[in-house]
Amino acid sequence: MGSEEFQTARGTRDVLSPETWQFEAMRRLALRWAVRYGYELIETPIFEKSPVFLRVGASTDIVQHERYQFVDAGGDDLTLRPEGTAAVARAYVQHGLASAVQPVKLCYYGPMFRRERPQAGRFRQHTQFGVELFGSRSPLADAEVMLLGCRIVDAAGLRNPEIRVNSLGCDRCRPQYRRALVDFFTARREELCQDCQTRLEQNPLRLLDCKVDVAVRQEAPDLENYWCDDCRAHITTVIEIVAASGQIIRRDRHLVRGLDYYTRTVFEVGHPGLGDQVALFGGGRYDGLTANLGGESVPSVGFGMGIERLLSALPTALPTLVPDRAYVAHLPGFERQAYLWALKLRDEGIAVDADMLERSLKAQLKEAGRRARLALIVGGTEWSQGNVAVRDLTQGSQDVVALEEVVEYMKTRLQEGEL
RNA sequence: GUGGAUGUAGCUCAGUUGGUUAGAGCACCAGGUUGUGGCCCUGGGGGUCGGGGGUUCAAGUCCCCUCAUUCACCCCA
């Protein structure tokens, strides 16, 4: 097991083969769909100057308590990114993408860091795929990002995902609702749990999704009755478009989200197998974000998707990208010839292994049987006649092939992979 | 940050009311077959019993602390 101090840090883990290939396949799947929907790929650093995140989520748990923040040797105050949106918005402003052709549709894929207590589907380092659509205030934009997310989930093998959606209103209507909410809960303060009493002061909207005070919250005023005409029209249209596409969507009047930059639309897609609390992906609209980062105000929508969660929820593994392998075994005295053949076959595009432990033919074939589909056996009478024995390790059959035909023979017998 | 459960070989786990050198299956290596894997047989390597302290003639086993894992809460992907 090894010494404790030399193990992965809490909430992090190694991913070994074959699981690594599942991650790789997932990444390709997500990017493939994003490209179909017209997105460009962006990569931002995994750490940013701390103010980038502080500015965007000052009141949220993930930047208040869960930050991996450090001061480097030069005195810079830096933070490992806890989410993708702030960083991508920062890049949008920094590179003047506001003057590019709108809308600007970007997607990203990479690790995120939050110092949380690990548990099922929750890690201190996890991988997110996300998209951000800048420059459109149309309900079509909201619908499009939701639908893209659902396509990826569905294509990965989780059929018929269900979107839960809500509108938090805008600068005009949300303050009124907020006041009504505070009034309502203040009057019934004694009935609230400890957490909710503090939420009442810090983030009243959060009272809506408390799992303890379900009875009280049922009676709380509904956002729907406070939406202004524009907000009402917006969320209504979003739901109509998504539904018209055949995608399941329903409003959840208790859905609010943790990042406080959201305006109007917020949404989540969960999965029963993961427990109802955790979302596969979630996001919303954040019309004021770029303004907070020193740019002009640009309407935008996006989501973040938890890759570890999605992979662990899949009923069956993703198709593998790994090609069939071959193994070049040898009789005593033919190590060098065998190795040269392995090199030649690799140059021909075939995945090939060869013995590096000076093992017996028996041991070589044993290893080959575990990791390869075909084994070449170099040496002996076949070799002296200009041939080589090729053994099919799944069937147990064996052919003698002329050396000049080996490459072609192998290519037709082995299934190619994407890697 | 709060609460519960669990830590014995690479993996999955036995280990009787505390009692000799801590076991099995799988995996790994070698031999049986000096030109052929998968089955079978034989042998082998591999463990500070998570760590520290305590009780005891004696601790994997009992007690305390600690660390890790895990589940739930908080929050979130």
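Below, each value reflects all heavy atoms present in this structure, side chains not excepted, and no hydrogens, waters or symmetry copies.
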Legend entry - Short N-O contact, A:R371 and A:D353, less than 4.0 angstrom: yes
Inset, instruction - Give the rounded distance in Å between these two atoms: CD of A:E83 and P of B:rA77. - result: 8 Å
Legend entry - Pairwise P distance, B:rG38 and B:rC28 [rounded to whole Å]: 11 Å
Legend entry - A:K362 (side chain) and B:rG32 (base): donor-acceptor pair under 3.5 Å: yes
Inset, instruction - Quote, to the nearest angstrom, the P distance that separates B:rG54 from B:rU17. - result: 27 Å
Inset, instruction - Return the nearest nucleotide to the side chain of A:T381; candidates are B:rG35, B:rC71, B:rA77. - result: B:rG35
Legend entry - Distance between C1' atoms of B:rA77 and B:rC39 (Å, rounded): 47 Å
Legend entry - Rounded distance in Å between the P positions of B:rG10 and B:rU48: 8 Å
Inset, instruction - Give one of base, sugar-phosphate or nothing for A:G282, where a contact means two heavy atoms less than 4.0 Å apart. - result: sugar-phosphate
Inset, instruction - When you get a sec, tell me which of B:rG37, B:rA77, B:rC71 is the closest nucleotide to the side chain of A:A279? - result: B:rA77
Legend entry - With sequence neighbours excluded, residues passing salt bridge (charged side-chain N to carboxylate O under 4.0 Å, His left out) with A:R217: none
Inset, instruction - State which of B:rA77, B:rA68, B:rG37 makes the closest approach to the side chain of A:H126. - result: B:rA77
Legend entry - Side-chain heavy-atom pair A:L403, A:W341 within 4.5 angstrom cut-off: yes
Legend entry - Base partner of B:rA24, which must satisfy Watson-Crick or wobble distances under 3.5 Å: B:rU12
Inset, instruction - Report the nucleotide, chosen from B:rA77, B:rU36, B:rC75, that has the shortest atom-to-atom distance to any side-chain atom of A:R206. - result: B:rC75
Inset, instruction - Salt-bridge test for A:D287 and A:R264: reply yes if a basic N is under 4.0 Å from a carboxylate O, no otherwise. - result: no
Inset, instruction - Let me know which of A:L376, A:V352, A:D324 forms a side-chain contact (heavy atoms from CB on, under 4.5 Å) with A:M410. - result: A:L376
Inset, instruction - Classify the side chain of A:R114 versus the base of B:rA77 as yes if they form a donor-acceptor pair under 3.5 Å and no if they do not. - result: yes
Legend entry - Closest to the A:R309 side chain, choosing from B:rA72, B:rA77, B:rC75: B:rA77
Legend entry - Whole-Å distance separating the CZ atom of A:R124 from the P atom of B:rU70: 11 Å
Legend entry - Separation of B:rA72 P from A:R117 CZ (nearest whole Å): 13 Å
Inset, instruction - Taking all heavy atoms of A:P111 and all of A:R81, pick out the closest pair and write down the distance. - result: O-NE, 2.8 Å
Legend entry - B:rG60 and B:rU2, which share atom name C1', separated by this distance in whole Å: 31 Å
Inset, instruction - Round to the nearest Å and state the distance from A:L357 atom CG to B:rA30 atom C1'. - result: 13 Å
Inset, instruction - Classify the side chain of A:R370 and the base of B:rG38 as holding, or not holding, a donor-acceptor pair under 3.5 Å. - result: no
Legend entry - Proximity to the side chain of A:I377 - top-ranked nucleotide from B:rA77, B:rA68, B:rU36: B:rU36
Legend entry - Watson-Crick or G-U counterpart of B:rG1, or none if no pair lies under 3.5 Å: B:rC73
Inset, instruction - Please state whether the base of B:rU36 and the side chain of A:Q364 form at least one donor-acceptor pair under 3.5 Å? - result: no
Inset, instruction - Describe the nucleic acid contact of A:T127 in one word from base, sugar-phosphate, nothing, applying a heavy-atom distance below 4.0 Å. - result: nothing
Inset, instruction - Return the value, rounded to whole Å, for the distance between atom CG of A:L205 and atom P of B:rC75. - result: 13 Å
Legend entry - Per A:R359 side chain, nearest of listed nucleotides B:rA30, B:rG35, B:rA68: B:rA30
Inset, instruction - Please measure how far the C1' atom in B:rA14 lies from the corresponding atom in B:rU61, and state the result in whole Å. - result: 14 Å
Inset, instruction - Spell out yes or no: do the side chain of A:Q395 and the base of B:rG38 have one donor N/O and one acceptor N/O closer than 3.5 Å? - result: no
Inset, instruction - Can you tell me the distance, in whole Å, between the NZ atom of A:K366 and the C1' atom of B:rG31? - result: 11 Å
Legend entry - A:Q398 side chain to A:D392 side chain, donor-acceptor N/O pair below 3.5 angstrom: no
Legend entry - ring centroid sep under 5.5 Å plus plane angle under 30, A:H65 with B:rG1: no
Legend entry - Shortest side-chain distance from A:E116, nucleotide among B:rC75, B:rA68, B:rC28: B:rC75
